[in-house]
Amino acid sequence: MRAEAEALEDEEGLDEKMLHLTAKLERQFAESAKLEAMIRENLPRVELWELRNC
């Protein structure tokens with residue numbers, strides 16, 4: 001019985017960890033999309049700067 005109780009506790013701990021990690025990953029995806037949009041917005045300026053300074 002003790003092993004079953006420990007396994008249940010481990011499973012609950014794993015569920016909580018997965019929820020935490022999933023939320024963290026969602027925040028990272030959102031930050032990634034934000035940064036990608038900023039890069040795409042500024043890329044034409046960088047390309048223009050490179051053309052002028054080469």
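This chain uses plain numbering: 1 for the first residue, then up along the sequence.
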| task | Show your reasoning for whether salt bridge (Lys or Arg N to Asp or Glu O under 4.0 Å) applies to R40 and E36. | result | CA-CA 6 Å; R40 289 185 183 280; E36 181 181 356; 2.9 Å; yes

| message | Looking at Q28, is its backbone amide N or carbonyl O close enough to the side chain of S32 to form a donor-acceptor pair, meaning the two atoms are under 3.5 Å apart? | response | no

| query | Roughly how far, to the nearest 0.5 Å, is the CD atom of E16 from the CG atom of L21? | reply | 11.0 Å

| task | Find out whether K24 and R27 are in side-chain contact, i.e. whether some heavy atom of one side chain is under 4.5 Å from a heavy atom of the other. | result | yes

| Can you tell me how far CG of L14 sits from CE of M18, rounded to the nearest 0.5 angstrom? | 6.5 Å

